[in-house]
Structure formats: structure tokens, C-alpha cells
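Encoded as C-alpha cells, the structure appears first; notes follow it.
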Amino acid sequence: YELVKDHSCNVFLYGRNYSKTKGIATDLREINAQFNVIALESLEHLPKIDLTIFSFSIMIWRPDIGANDRIIEANNNLKIIDSIATQTDLKQLGVIIIVSNPVDLLTQYCSEKYKVENVYGFGNSLDELRVSNTLIKGPYNYQGDEVVCIGEHGSSIVPILSKALRRFINEPSVYSNVKSEIFERTVEVIHLVSIPFYSPVYCLFDLLRSIINKETKTVRLSKYLEKEYLGIK
């Protein structure tokens with residue numbers, strides 16, 4: 001919706017169920033008949049694409065779903081990428097932003113197997129939002145300073161708390177407490193509803209608005225490194 005309401009964008013929708021994709025496109029045009037949104041039956045003969053968002057998922061909510069069922073998603077979502085790659089050259093899809101989980105694994109997979117340079121994992125900004133919300137509620141003397149997270153999206157994320165709290169943190173327990181609070185909330189959402197929706201969408205909309213409005217700002221995404229960078233492989 002954020003993309004199609006900008007009349008300068010041509011938006012193409014592609015999914016495993018063409019009837020549903022066509023229905024979504026029709027539903028969007030009900031808002032405004034001039035919305036440039038097109039449902040695709042296949043990925044053959046695509047026009048020039050500037051930005052592609054991978055947002056597919058095979059996860060279906062069930063009462064006993066686990067927060068770490070990422071291996072199930074990985075096995076299936078890697079196959080989906082392979083399926084897409086049989087229909088079109090991934091290099092023709094412009095900048096690829098991966099929202100599907102496991103974000104960083106899929107990002108690495110596209111980069112390594114299909115030699116796509118402009119592929120980025122979307123997750124760090126979501127982690128930063130979650131960390132800042134935890135700091136606001138906790139006894140951390142947090143003043144609303146910028147939160148920076150590095151590392152793999154999810155439970156392995158590393159929040160740079162010394163920057164956010166303006167003082168050196170030398171107690172590992174502070175990091176452990178912040179991360180445990182974050183994932184307690186995430187697990188609760190997963191068990192009660194499904195995979196978290198509103199906070200990821202909020203962060204993604206923020207990114208899309210920045211692109212559409214051609215704003216200058218910093219957004220942290222993940223990228224596969226082909227060579228060592230600052231001692232990191």
C-alpha cells in the first residue's frame with residue numbers, strides 16, 4: 001500500500017497463488033483506480049525492476065508453534081528462492097530486500113549461490129526498535145539515544161548499549177537481561193497470535209517511505225561480506 005499510493009511507482013505482485021495475488025491487486029485498485037499495481041502470473045519477461053521485496057512465508061500459526069522453528073522456514077524458503085531463480089535471473093530484480101526468515105541466511109544464500117550483489121537482509125532496524133522499547137521500560141537510565149545493533153537478526157543480535165546509554169557497560173548481565181526481555185515478548189506474541197506483524201511492518205514502511213521520498217538517512221541492513229572487513233569474515 002505504501003508503494004502503490006505513490007503514483008510514480010509501478011508495483012508488481014507475485015505469489016504462489018495467482019488468484020489471491022490478482023485479488024489483492026484488485027482490492028488495492030478499489031482504493032484508487034489509478035494505482036499502478038499489477039499481479040503477475042509468472043516472472044518471465046519482467047520489465048526493469050528497481051526494488052524487490054521478498055516477503056514470503058510458509059509458517060502457519062498453531063498453538064504449539066515454537067519461537068525457534070526457523071529451521072522449518074529455512075528449508076522451505078530456500079526452495080522458494082530456488083524456484084524464483086528458475087524463472088528469472090535474480091540479478092534482474094534490482095535491489096533485493098529480504099524480509100522473509102531466516103533473514104540473514106536467505107541473504108547469504110542469494111549472495112553466494114546466485115552471485116547477487118544488491119541483496120540486503122531486513123532485521124537490524126526491527127531489533128533496534130525492540131531494544132529501545134525494552135530500555136525505555138527498564139531501569140537503565142535510557143535517554144532515548146540512538147540504539148545500534150550489529151550481528152545476526154534475532155537471538156544472536158548484539159545491541160551496542162554503551163552508545164545508547166552513554167556510559168560503558170561492563171556487566172554481561174545487562175545485555176542478557178535486555179535480550180531476555182525482548183524475546184519473552186516475542187515468544188508471547190508468537191504463542192498468542194502468530195509471527196509478529198505490526199513492528200516489522202512499521203520498520204519496513206519507514207524504509208519504503210525513505211526510498212520513495214528520496215530522504216537521506218541511515219538504515220541498518222545486513223549484507224553478505226565477500227571479503228574480510230575490519231577483521232570480520
Side-chain angles (χ1 to χ4, degrees), residues 12-21 24 40 42-43 51-88 90 93-116 118-131 133 149-159 179-208 219-225:
F12 300 92
L13 301 179
Y14 177 72
R16 68 182 70 120
N17 185 327
Y18 172 67
S19 296
K20 182 176 181 180
T21 307
I24 293 172
L40 299 174
S42 76
L43 294 177
L51 173 69
T52 299
I53 300 172
F54 284 175
S55 60
F56 46 76
S57 176
I58 54 87
M59 295 299 283
I60 300 173
W61 181 85
R62 61 181 190 274
D64 63 337
I65 190 171
N68 294 314
D69 278 351
R70 290 292 186 243
I71 188 67
I72 300 174
E73 279 199 299
N75 289 333
N76 286 275
N77 288 347
L78 291 174
K79 293 176 184 176
I80 293 175
I81 288 179
D82 288 337
S83 174
I84 293 172
T86 62
Q87 301 176 60
T88 187
L90 298 188
L93 299 181
V95 173
I96 298 176
I97 296 178
I98 296 184
V99 181
S100 306
N101 281 309
V103 165
D104 298 306
L105 176 61
L106 299 187
T107 301
Q108 178 179 346
Y109 189 74
C110 286
S111 302
E112 279 194 299
K113 182 172 181 177
Y114 295 106
K115 309 301 179 186
V116 184
N118 296 323
V119 54
Y120 301 90
F122 180 82
N124 291 63
S125 55
L126 174 58
D127 289 314
E128 291 168 352
L129 177 64
R130 288 171 171 168
V131 171
N133 284 333
C149 288
I150 60 175
E152 185 180 4
H153 170 59
S155 59
S156 299
I157 204 71
V158 179
K179 289 175 68 170
S180 64
E181 286 182 45
I182 292 170
F183 290 101
E184 282 175 9
R185 293 199 307 271
T186 303
V187 169
E188 182 180 16
V189 173
I190 289 173
H191 278 291
L192 295 177
V193 188
S194 184
I195 295 171
F197 173 77
Y198 291 104
S199 54
V201 166
Y202 171 83
C203 293
L204 184 59
F205 278 7
D206 187 51
L207 173 61
L208 294 179
V219 178
R220 276 171 283 277
L221 306 167
S222 63
K223 183 150 184 359
Y224 177 67
L225 298 179

Contact check, side chains of [X] and [Y], non-hydrogen atoms, under 4.5 Å:
{"X": "N124", "Y": "S222", "value": "yes"}
{"X": "Q87", "Y": "S83", "value": "yes"}
{"X": "I53", "Y": "L208", "value": "yes"}
{"X": "L129", "Y": "C203", "value": "yes"}
{"X": "T52", "Y": "L90", "value": "no"}
{"X": "E73", "Y": "S57", "value": "yes"}
{"X": "V131", "Y": "C149", "value": "yes"}
{"X": "L204", "Y": "F122", "value": "yes"}

Just by distance, do the side chain of [X] and the backbone of [Y] share a donor-acceptor pair under 3.5 Å?
{"X": "K179", "Y": "P159", "answer": "no"}
{"X": "D104", "Y": "H153", "answer": "yes"}
{"X": "R185", "Y": "R130", "answer": "yes"}

Any donor-acceptor N or O pair under 3.5 Å, side chains S100, N77: no
Measure the spacing between [atom1] of [X] and [atom2] of [Y] and express it to the nearest 0.5 Å.
{"X": "S111", "Y": "L106", "atom1": "OG", "atom2": "CG", "answer": "10.5 Å"}
{"X": "L126", "Y": "D206", "atom1": "CG", "atom2": "CG", "answer": "12.0 Å"}
{"X": "Y120", "Y": "C110", "atom1": "OH", "atom2": "SG", "answer": "13.0 Å"}
{"X": "N76", "Y": "I81", "atom1": "CG", "atom2": "CD1", "answer": "12.0 Å"}
{"X": "N118", "Y": "I97", "atom1": "CG", "atom2": "CD1", "answer": "10.5 Å"}
{"X": "L221", "Y": "I98", "atom1": "CG", "atom2": "CD1", "answer": "11.0 Å"}

Restricting to salt bridge (Lys or Arg N to Asp or Glu O under 4.0 Å), what partner residues turn up for E181, sequence neighbours left out? none
Who pairs with R220 by salt bridge (Lys or Arg N to Asp or Glu O under 4.0 Å), at least two apart in sequence or on another chain? E128, E146
Considering all heavy atoms of both residues, which atom of I24 and which atom of L13 are nearest to each other, and what is their separation? CG2-CD1, 3.8 Å
I need the minimum non-hydrogen distance between P196 and T186, along with the two atoms involved. CG-CG2, 4.0 Å
Any chance you could lay out the ring pair (Phe, Tyr, Trp, His ring centres under 6.0 Å) test for F56 and F54, step after step, and finish with the verdict? CA-CA 6 Å; F56 46 76; F54 284 175; 5.6 Å; yes
Non-neighbouring partners of D82 that pass side-chain hydrogen bond (donor to acceptor under 3.5 Å, both in side chains), sequence neighbours left out: Y109, K113, Y114
With a sphere of 6.0 Å drawn around CD of E188, does it hold more than 12 non-hydrogen atoms of other residues, nucleotides or ligands? no
Can you tell me if OH on Y18 sees more than 12 non-hydrogen neighbours from other groups inside 6.0 Å? yes
